[in-house]
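Right, one structure below, let's go through it.
The figures that follow rest on heavy atoms only: side chains count, while hydrogens, waters and symmetry mates do not.
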Amino acid sequence: PEHSTISVELYGLDGRKVADVFNGDSGVETIREFETNTSLLAPGTYLCRVVAGEQVHIERIVLMK
């Protein structure tokens, strides 16, 4: 694991940011899971953007209620 700043954000398919899930430091351990309150979000498809240092990863997620 590499020490870096991490941000995790959720975006709607229209490109608008709908939630900041995490903003912080990775420390010395690898972070593998995040929890967030989705009660205010409508069911549907979202994009999860993870930025860790110089790396950016985007994953499509589906929220069902």
Practice prompt. Please tell me if the side chains of Ile58 and Cys48 come closer than 4.5 Å, counting only heavy atoms from C-beta onward.
Written response: no
Worksheet item: Can you check side-chain contact (heavy atoms from CB on, under 4.5 Å) on Phe22 and Ile6, steps first, answer last?
Response: CA-CA 7 Å; Phe22 180 83; Ile6 296 175; 4.1 Å; yes
Side chains of residues 35-44: which donor-acceptor partners sit under 3.5 Å, not counting sequence neighbours?
from, atom 1, to, atom 2, distance (Å)
Asn37, OD1, Ser39, N, 2.9
Asn37, OD1, Ser39, OG, 2.8

Practice prompt. Verify the cluster assignment for Leu47 and Val21: are they in a single hydrophobic cluster under the rule of side-chain heavy atoms below 4.5 Å apart?
Written response: no
Worksheet, complete the sentence: Of all heavy-atom pairs linking Asp25 and Thr5, the shortest is OD1-N, 4.0 Å
Worksheet item: Does the pair His57 and Glu59 meet the rule for a side-chain hydrogen bond (donor to acceptor under 3.5 Å, both in side chains), with working shown?
Response: CA-CA 7 Å; His57 180 76; Glu59 189 72 33; 3.0 Å; yes
Discussion item. I need the full list of salt bridge (Lys or Arg N to Asp or Glu O under 4.0 Å) pairs touching residues 39-56, with sequence neighbours left out, sorted by first then second residue.
Written reply: Glu9-Arg49
Practice prompt. Show your working on side-chain contact (heavy atoms from CB on, under 4.5 Å) between Tyr11 and Val18 and close with a plain yes or no.
Written response: CA-CA 5 Å; Tyr11 288 85; Val18 296; 5.8 Å; no
Worksheet item: Taking side chain as C-beta onward, heavy atoms only, is Thr45 less than 4.5 Å from Arg60?
Response: yes
Item to complete: State which residues pass side-chain contact (heavy atoms from CB on, under 4.5 Å) with Ala19; sequence neighbours excluded, sorted by chain then number.
Response: Leu10
